[in-house]
Amino acid sequence: MDVSPILDPLNEAQRDAVSASVGNTLVLAGAGSGKTRVLVHRIAWLLTVEEATPWSVLAVTFTNKAAKEMRGRIEELLGQPIGGMWVGTFHGLAHRLLRAHWKEAGLPQSFQILDSDDQFRMIKRILKSLDLDDAKWPPRQVQWFINGKKDEGLRAQHLDDGGDPYQHQMIRIYTEYQAACERGGMVDFAELLLRAHELWRDRADILQHYQARFRHVLVDEFQDTNAIQYAWLRLLTRGQDNLFVVGDDDQSIYGWRGAQVENIRNFEQNCSNSRMFKLEQNYRSTGNILNAANALIGNNPSRLGKQLWTADGEGDPINLYSAFNEVDEARFVIERIRQFISDGNSRSESAILYRTSAQSRIFEEALVQSAIPYRVYGGLRFFERAEIRDAMAYLRLLNNPDDDAAFERAVNMPPRGIGPKTVDAVRAHARDFNVSLWVATAELLKGGAMPRRAANSLQGFLDLVEELRIDTAALDLPEKVEQVLAASRLPEHFEKSRDGKGQDRKENLEELVNATRQFGYEAHADEEMDELSSFLSHAALEAGEAQGDPFEDCVQLMTLHSAKGLEFPLVFLVGVEEGLFPHSMSADDPERLEEERRLCYVGVTRAMQTLYMSHAESRRLHGQENYPRPSRFLREIPSSLMREIRSGPQVTQPLYSKPARAYTDESVGFSLGQRVIHPKFGEGVVLNAEGQGRSARVQVNFETEGSKWLVVAYANLSPC
DNA sequence: GATTTAGACATTTTT
DNA sequence: TGTCTAAATC
């Protein structure tokens, strides 16, 4: 058998991992070391050398994008489709299991997926029905609590309040929420995983079937698994030693949402007969960038340990820019990007990475001003748009009239004279008789106690949905959607709204028809669901691409979290300041501080050729002027790898933020932005000056001591 | 039922 | 300081 296409493109470490005998295997894959490649080639190896059938392979990822990429690359390598293989996200695969075993999982056959927004609204409704003030019990916090518990595999009945009234109330809300989900046949994201786990845990026969089927289980980004995902994998592979996982403990940046680094750190202790392979050769970045990354991450005490290296050259040093303030920082970055572009590079080869999404605004303004196209990652995605959700609500009602979330959304959208009072009456009836909003409406109308106007509107709504269901029953999906849209009158409603977005919204609705057509072309035949339910699940599980034309050549703006897995020739890591990065919310806890450092490591290793890091001496945050010190992460990178870029005095002038002011105040003797040294406080930058003669004072931002006002006559400052 | 205004609040996000 | 939500008003 010729295995050369599988092994030849690999380096030695990769080859060892790919060709390892079947057994529990951990591949510790550093940034840019060919992680996906190993996974893909390993599967190809199993299918050829180990003679595994596609049927016997399960490969799990976290995002739909990663799943799609993996499938595509395997098929490309093998030159044939891999039909029977299960490749998907944890949630997608759990969903598939639950569809196949809905009865055993205790779900109605027509169960619906509740996405985050539906879940949020559902929680708000529960709070209202429990008569709880949502100022005191913020729905976001409740959502966080419930999902957190589910991610740990805990149901409300497992929880103990320990006498704490806060916990007690949260558990009560959790209980009510779960009951409401069950009444409506709703399953939220975390519930998918939890149910799938319980299914296998409680039904030995079903578990055995899958254990017998999946002889090979592979996991991508293993450091991001949470407790329930891990438990699910352990059940499936129990006693089989067939778990092959790839990940990097140094890139674990989702601890805050339940990911457990311990899963990868303790892999060898937890799994029998396990081996570890380290991939340390990096194919992405220059030597200087890797050395910086290695030095930085070396400050984290608890690691599995690994050193990235490259066979290529050292490259340029890392550029460090100390901006006067955040405006100057943006100005500097955009200026460098402009140069980069005029040197003949494309805009999409450059990226601006920041810790918090609020930081994007100032860069966007500067880019707009320079007329440079850009794209911000992580906005609203297609199926999250209000108009799309409105239209989907009608489709959901066709599928299942008891879908309360859909009912609430559609009942007065477009407005048809069903106000909050009317809806409240329906809600009250639904609660009292423990029925869905749809049934409650029908009952109220039959009772005849409704005011005439409201009754007419409600009847009209019920009739509309009912007629649509009958009329479109035989149509295929795109036609169905087209007819539903027309009957809902949503397009007209958006069209006549004149907030400038009306046309866009109407076009998005047309795009929805396209999406259903596209969906029809893709293979979803193996599922035993009708086309509409299948599409609804798809919409919930895969929210689609974010806005923005991905084909246009744009400067890329994103948070460090969303940059994981990407690479760019030119990277700007901005706002590298204490309080912002590491973020003040993480500063007190050593574990979270380590995660911040890993985040910085992720950021640094995104850069292929050139990396700029910048911090500002002064930054406006929440309307307040701050004088942050440079981040400790900057000090953790050896200065021999860095090149400081000093701005000339002409650029220290804040461009638009402050009224023009003299640079050099002769009476003070120092200029703004100038670097000075103080015998006790060390080096710093002059931020501000006031007064004259003996009372003249300057504000200096010291690297170690922070910002201080000093009287020039006594301070013994000297330029440096 | 749309538009205006006041108030809260401000890590990171995929499914 | 800017954004988002909810109440208040036309």
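Naming: A, B, ... by sequence-line order, numbering from 1 per chain.
For the C1' atoms, the distance from B/dT11 to C/dA6 is 24 Å, rounded to whole Å. Taking atom C1' in both B/dT14 and C/dT3, the straight-line distance is 23 Å, to the nearest Å.
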Taking only N/O atoms, report every protein-nucleotides 5-10 of chain C pair under 3.5 Å with atom names and distance.
unit_1 : atom_1 : unit_2   : atom_2 : d
C/dA6  : OP1    : A/Lys124 : NZ     : 2.9

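Residues satisfying the salt bridge (Lys or Arg N to Asp or Glu O under 4.0 Å) criterion with A/Arg155, sequence neighbours excluded, are A/Glu191, A/Glu198. Applying the ring-ring contact (aromatic ring centres under 6.0 Å, His included) test to A/Phe568 and every residue at least two apart in sequence or in another chain returns nothing. Considering only residues two or more places apart in sequence or on other chains, A/Phe461 meets the ring-ring contact (aromatic ring centres under 6.0 Å, His included) condition with A/Phe407. Legend: residues meeting side-chain contact (heavy atoms from CB on, under 4.5 Å) with A/Glu182, ordered by chain and number and at least two apart, are A/Gln178, A/Arg195. With sequence neighbours excluded, the residues that form a salt bridge (Lys or Arg N to Asp or Glu O under 4.0 Å) with A/Glu384 are A/Arg381. Looking at residues two or more places apart in sequence or on another chain, you find a salt bridge (Lys or Arg N to Asp or Glu O under 4.0 Å) between A/Arg409 and A/Asp117, A/Asp390. Taking the salt bridge (Lys or Arg N to Asp or Glu O under 4.0 Å) definition, one finds that A/Lys68 meets it with A/Glu542, sequence neighbours left out.
Screening residues 573-606 of chain A for ring-ring contact (aromatic ring centres under 6.0 Å, His included), with sequence neighbours left out, gives A/Phe581-A/Phe633. Sorted by first and then second residue, the salt bridge (charged side-chain N to carboxylate O under 4.0 Å, His left out) pairs involving residues 126-137 of chain A (not counting sequence neighbours) form an empty list.
Helical stems in DNA chain B, defined as runs of 3 or more consecutive Watson-Crick or G-U wobble pairs with donor-acceptor distances under 3.5 Å: B:1-10 with C:1-10.
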Any chance you could list the contact pattern along nucleotides 10-15 of chain B? Use B for base contacts, S for sugar-phosphate-only contacts and - for none, protein heavy atoms under 4.0 Å, 5' to 3'. BBBBBB

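Side chain of A/Arg71 to backbone of A/Met85: a donor-acceptor contact under 3.5 angstrom is found. Side chain of A/Thr605 to backbone of A/Val602: a donor-acceptor contact under 3.5 angstrom is found.
Put simply, CG on A/Leu621 is 14 Å from P on C/dT3, counting in whole angstrom units. At whole-Å resolution of the value, CD in A/Glu326 and C1' in C/dG2 are 13 Å apart.
No engagement by A/Gly419 is indicated, since no non-hydrogen atom pair under 4.0 Å with the nucleic acid exists.
Base orientation for B/dT11: syn, the chi torsion being within 90° of 0.
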